[in-house]
Undergrad: 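Could you have a look at this structure, given as structure tokens, before my questions?
The figures here come from the full heavy-atom set of this structure, side chains too, leaving out hydrogens, waters and symmetry mates. Bear in mind that the values here come from a model prediction, so they are computed numbers and not experimental data.
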Amino acid sequence: MEEKTTSVQIQGKEIIFKTGKIARQANGAIILQCGDTIILASACGNKTANPDCDFLPMRVDYQEKFSSAGKTLGGFIKREGRPTESQTLVCRLIDRPIRPMFPAGYFNEVQLLTYVLSYDENHPPEPLAITAASAALVMSDIPFPKPLAGVRVAMIDGEFIINPSVAQMKESKLDLILAGTEDAILMIEGFCDFLTEEQVIEAIDAGHEAIKEICVKLSDWANVDGKEKFEAELTVPPQAVAEELEKTYTSQLETVFEIKEKAEREIAQKAIEDEIKAKYSEGDEPQCTPLEMKITTKKLFAKVLRNKILREKKRSDGRNPNEIRPIAIETNLLPRTHGDALFTRGETQAIAVCTLGGDSMGQRYETLEGDFTHRFYLQYSFPPFSVGECGRVGPPGRREVGHGKLAERALSAIMPDEETFPYTIRLESNITESNGSSSMASVCGGCLAMMDAGVPVKTSVSGIAMGLILEGDKYMILSDILGLEDFLGDMDFKITGDRNGITAFQMDIKIEGINKDIMKAALIQAKEGRIHILDQMDKALPSSREELSDLVPRIESIQVKQSKIGTIVGPGGKMIRSIIEETGCEVDINDDGVVKIISSDGPSLKKAKDIILNLVAELEIGKTYNGTVASIVDFGAFITLPGNKDGLCHISEIAHERVSNVEDHLKKGDVVEVKVLDINPHGKIKLSRKVLMPKPVKETEEAPS
């Protein structure tokens, strides 16, 4: 085994690449190490194309081995299985920049598998996984043209940190992951605390400089130690057929692309597709295969649409490049929800629903760092009827997970802190129509639904998706893109924020060549669109409702000493269960001693609160308390006080007169008011009842008139 290695330094952090020792039967395999975080990435590919595919059949999987951090999964099955939400998101981060890099017409099956084998809880694996997967392809014999790399960028005190540590990320106002080649950026995923467009551009520039260093190192390494690329047969349709189709159908397609309604336009497109298919790829003497015809037709549609937009500066629905589709907003649509909003923008529509609850409603998740709970989360669903199709219904796919997390993190920046608003917040975005930008409709609808529920958000946030048509030196930036413009265009750039700053941005690029000037222009145009959408949102609901709905459970928080947590919980949870059973309230307590009582019934909430306060009460000498007679003895009565503590009221302290029989004055179960006279060093409590009673008037004294 001959191990080959190289390394690169990025802001003082060394990234080491090794190959040739592990997973040698894969087309390419890399061990990447940064600190004590180690990642194995493998690339395998078929030598022949899939005859039924008109796309790249690439599968990307990423898995974090819990053994990498010396841990084992919870639950009964102690092995990794279905990818978690966070692992699914990393799969998307790897896939999105790599897919457009393969040659056009390359339809051979490719599989990229990436595993975290060691994790030091200091060097996060996500950006390293992108780089490792790219390196595996570059060193393999798969015809992947050039290396790309991924980095994470943080911003602390105005300084950009490349591949920050876990501790540094907690202080950062920015979480940006980007991937690209030495020449261009291909993918961006960023979340921030209301940064300006200029700051975002600076962060992207800083990240790209680091990417260039890694790509140069990988390129040099591949030239020395990489495998020779095999010759792939690309599926390229006959040029003569493509030219004939362009002459015959361009004018018809230009007319089709002037149809504003999506369904009507798709019917007209389908009619042309069927005519072309029947004429050129069917019959006794077909000029090309059905697959070649499908590829040629798609390219023709893209070319006609793109040229039409660049030439006429008008889009298929008649809008100008920077024009936003008509917006309609309705809140309080559903009578039994805590808050909701119907957000419609053109032919894209979302029903957003906000539900409020206690800690038990939080979304629990497990990572290499430990077990955590989200007190705010958004779940996105995309049923097939939203695009007028029959299709799969079931657990969320990778796209739904990705869109939901983007919208969730875009809105996280406006969440109130737990002390201000102690509720767990769950948002649903149910897409009921889709023609582009459904994730951004989820941001707008989700913000409105929370405001309708009375969540005191810091500000309103909207989202917009930007597109791009780039042909040579000519380009056109499109605001609020349609599904067709996304499918046939060169860029999908989503930006969310308020009037002053950005909270999230995500960009996928299908080509190299999008430079800093284009990105800056897109961000400026996006801000104009974002503000326009915010104006419409403010007309519908200018601020959060002042009162919560009667349907929302009420929550009250109590801070108790950590030493009192055991008293509230009781042995084996006996005490807290009895409180829940007796009052019907939900009671949650955390390790810091914050007790949350959740109830839709005011009197029940007060009863539970009183019980808890009594349990944790600290007795003070000289203070008066209500207690319950626990037992009677010859020399007095033992009385249970708040905090479940017993004190003795001596027979001499029961009444002013001489007491011969305690039971003549007190009986077991009586509630009496007593005063604490003394608490000795051993915790014994001395009580008095008589000091709270009026003194009797002596017979020799004259009663007051």
Undergrad: Got more than 12 heavy atoms from elsewhere within 6.0 Å of CZ, Arg82?
TA: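 Open.
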Undergrad: Between Asp492 and Lys494, is there a side-chain N and carboxylate O pair less than 4.0 Å apart?
TA: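 Looking at Asp492 and Lys494, the cut-off is met.
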Undergrad: Check whether the side chains of Glu428 and Gln379 place a donor and an acceptor atom closer than 3.5 Å, and report yes or no.
TA: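 The answer is no; no qualifying pair exists.
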Undergrad: So, Arg545 and Thr331: side-chain donor and acceptor under 3.5 Å apart, yes or no?
TA: yes
Undergrad: Between Thr297 and Tyr249, is there a side-chain donor-acceptor contact under 3.5 Å, judged purely by atom types and distance?
TA: no
Undergrad: Can you list everything that forms a salt bridge (charged side-chain N to carboxylate O under 4.0 Å, His left out) with Lys539? Sequence neighbours excluded, please.
TA: none
Undergrad: Is Lys474 salt-bridged to Asp490, cutoff N-O under 4.0 Å?
TA: no
Undergrad: Between the side chains of Asp175 and Arg409, is the shortest nitrogen-to-carboxylate-oxygen separation below 4.0 Å, so that they form an ion pair?
TA: yes
Undergrad: Please tell me whether Asn430 and Ser381 have a donor and an acceptor in their side chains that are separated by less than 3.5 angstrom.
TA: yes
Undergrad: Are Glu485 and Arg325 ion-paired here, with the side-chain N under 4.0 Å from a carboxylate O?
TA: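 Salt bridge absent between Glu485 and Arg325.
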Undergrad: Rounded to the nearest 0.5 Å, what separates atom CD1 in Ile177 from atom CD in Gln506?
TA: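 Reported to 0.5 Å precision, the distance equals 11.5 Å.
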Undergrad: To the nearest 0.5 Å, how far apart are CD in Gln525 and CG in Asp480?
TA: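 Spacing of CD (Gln525) from CG (Asp480) equals 11.0 Å.
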Undergrad: Of all heavy-atom pairs between Ser134 and Leu148, which one has the smallest distance, and what is that distance?
TA: OG-O, 2.6 Å
Undergrad: Could you verify whether a donor N or O on one side chain and an acceptor N or O on the other, from Thr503 and Thr496, lie under 3.5 Å apart?
TA: yes
Undergrad: Is Glu408 salt-bridged to Lys405, cutoff N-O under 4.0 Å?
TA: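 A salt bridge is present here (some side-chain N lies under 4.0 Å from a carboxylate O).
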